[in-house]
**Student:** 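Quick one: the structure is below, and I'll ask about it shortly.
Just so you know, ligand 1 is whichever comes first in the structure, and atom 1 is the first atom listed for that ligand.
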Amino acid sequence: MNEVRVRYAPSPTGLLHIGNARTAIFNYLYARHHQGSFIIRIEDTDVKRNVRGGEESQLTFLKWLGLDFDEGDGIGGEYGPYHQLQRLDIYQYWANQLLQLGWAYKEYKDPLDQSCFAIRFKVPENQILAWDDLVRGHIQYDSKEVEDWIMMKDNGIPTYNFAVVIDDHLMKISHILRGEEHITNTPKQIMVYHALGWEVPSFGHMTIIVNEKGKKLSKRDADVEQFISQYYEKGYLPSALFNFISLLGWSSPNNKEILSKEEIIQLFDSKRLTSSPSFFDKNKLNFLNAKHLKALSIEQLEDFLRPFLAQAKIKVSNNKYKKLVLIFKDRLVYGQQIVQLYNEFVNKKFILTPELIQECQIYEQAVAVIEYFLDRVVKLKKVESPLIDELILATQKELNVSGKALYVPLRIATTAEGHGPSLGVILELLGKQKVVKHLTMTLQTLKRLK
Ligand code: GLU
């Protein structure tokens, strides 16, 4: 087979899941690395299990992850239609061929009614069904391990194992990477290829993904967010997810972990797919996302974060917004945290706990520092970060205090926090009115306690 043609063939029975996305990504990488075609085919024959919005979620989030495809719904291609339910006559045709060739037989539901029947594939005796798996090496089954299986149901809808072969052959698929749950399906599919005299594509069955306890990730596992939409909503970058997912069962030859899509395409080698379980390490995903966020330009980051504040109905002027992004950018693991950070440092109720008061009291000059600072802040027209920095410096010189003795009382007296990002910017974001109010309150409390 010369031309590389691979496909991702989701069943729209749910939202795009980490496991699906990995299958899609590995097939995509295989296609792009080999300058082949990447095809999307919707396997919607399990009508009862199809869910509303399932197909849309698959396609929307595949595109979001950056998986552009060459053939499929909405794009077209020579080998359509790309929905199995639109190909029923094709399966019927090939089922009839197999019946005629003696590779299949009808099974009547009711012997008195000859119009309603399923079609079973007649499994050959004494045959070895073998393939060299791209991930696991040689695998073989004896045909006696497989029972005659249903190809066409009595409602005229094919089963997965039959439709998949017809489509993969007619769509000229050369390589198939999929989950290991399909290993036991493969001998059935190979039988059909043999029966019709078709060339068998290459198969690769990928490792399972496990959670922290070493258990296979299940959609019911509530501890792990498993749908791509959830990561989108939280503000993970598609490039980071792409990077993370591509390392679930594959490693780069130079062991580099922070990689762009283009780098992964270039480095991708199916020989480096591993058959040992891959651990879904949330910390690693967070680490990668933080790295990908850091790689954005400040303008890109501003654009990326804006919707999260808007969604939380937080309004800040453009000028303040830029500062906000600047002081919090190094703390962000994912986008939505901008809201938490804003609420934690800027929008928080000012509550002076006894612990904070005590922390202030450690410093002998706390009252003097706060008093001096307040006195000067009141005179500022506007609280802007460079002016605050100057003022802090002036306080330092005037009272001859520095380091913690200077910063801790000021920070506590303005933000009710013992630590935090650049004080100047935080005070600017708080605005003069609040800064003055907080300083006054703290000063009163400290004086009362003296
Ligand atoms: N529709 C199948 C699934 O979602 C595709 C399996 C295959 O790639 O052959 O598991």
**Student:** Any idea which part of Q84 is under 4.0 Å from ligand 1, heavy-atom wise: side chain, backbone, both or neither?
**Tutor:**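 No part of Q84 is near ligand 1 at this cut-off.
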
**Student:** With only distance considered, is P10 within less than 3.5 Å of ligand 1 through an N or O on each side?
**Tutor:**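 No; every N/O pair is 3.5 Å or more apart.
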
**Student:** Counting from 1, what ligand 1 atoms have a heavy atom of V164 closer than 4.0 Å?
**Tutor:** 9 (O)

**Student:** Take the angle between the ring planes of H169 and W198 and call it parallel below 30°, perpendicular above 60°, tilted in between.
**Tutor:**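 The rings of H169 and W198 lie parallel, inter-plane angle below 30°.
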
**Student:** What protein heavy atom lies closest to atom 3 (C) of ligand 1? Include the residue and the distance to one decimal.
**Tutor:** H182 NE2, 3.8 Å

**Student:** What protein heavy atom sits nearest atom 9 (O) of ligand 1, and how far off is it?
**Tutor:** Y160 OH, 2.6 Å

**Student:** Classify the ring geometry between F121 and W103 as parallel (under 30°), tilted (30 to 60°) or perpendicular (over 60°).
**Tutor:**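 If you compare the ring of F121 with that of W103, the planes turn out parallel.
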
**Student:** Just verifying a value: how many Å separate I139 CD1 and Y141 OH, rounded to the nearest 0.5 Å?
**Tutor:**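 Going from CD1 on I139 over to OH on Y141, the span is 6.5 Å.
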
**Student:** Quick one: does I176 get a heavy atom under 4.0 Å from ligand 1?
**Tutor:**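 No, I176 has no heavy atoms under 4.0 Å from ligand 1.
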
**Student:** Of all the atoms in ligand 1, which lie at a distance below 4.0 Å from a heavy atom belonging to E43?
**Tutor:** 1 (N), 2 (C), 5 (C)

**Student:** Please report whether the ring centroid of Y342 lies less than 6.0 Å from that of Y321.
**Tutor:**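 Distance test on ring centres: not under 6.0 Å, no.
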
**Student:** Taking the side chain from S174 and the backbone from R5, do they hold a donor-acceptor pair closer than 3.5 Å?
**Tutor:**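 Present.
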
**Student:** Indicate the ring-plane relationship of Y231 and F280, choosing parallel, tilted or perpendicular according to the 30° and 60° boundaries.
**Tutor:** tilted

**Student:** Would Y8 count as a contact of ligand 1 if the rule is a heavy atom under 4.0 Å away?
**Tutor:** no

**Student:** Could you list which atoms of ligand 1 come closer than 4.0 Å to a heavy atom of R178?
**Tutor:**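 Under 4.0 Å from R178, ligand 1 has these atoms: 7 (C), 8 (O), 9 (O).
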
**Student:** Can you spot which of K216, R22, R136 makes a salt bridge (Lys or Arg N to Asp or Glu O under 4.0 Å) with E180?
**Tutor:**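 Result for salt bridge (Lys or Arg N to Asp or Glu O under 4.0 Å) with E180: R136.
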
**Student:** Is K322 salt-bridged to E302, going by a charged N under 4.0 Å from an acidic O?
**Tutor:**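 Salt bridge present between K322 and E302.
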
**Student:** So which protein heavy atom does atom 8 (O) of ligand 1 come closest to, and at what separation?
**Tutor:**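 The answer is R7 NH1, 2.5 Å.
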
**Student:** Any non-hydrogen atom of E181 lying under 4.0 Å from ligand 1?
**Tutor:**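 Heavy atoms of E181 never come under 4.0 Å of ligand 1.
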
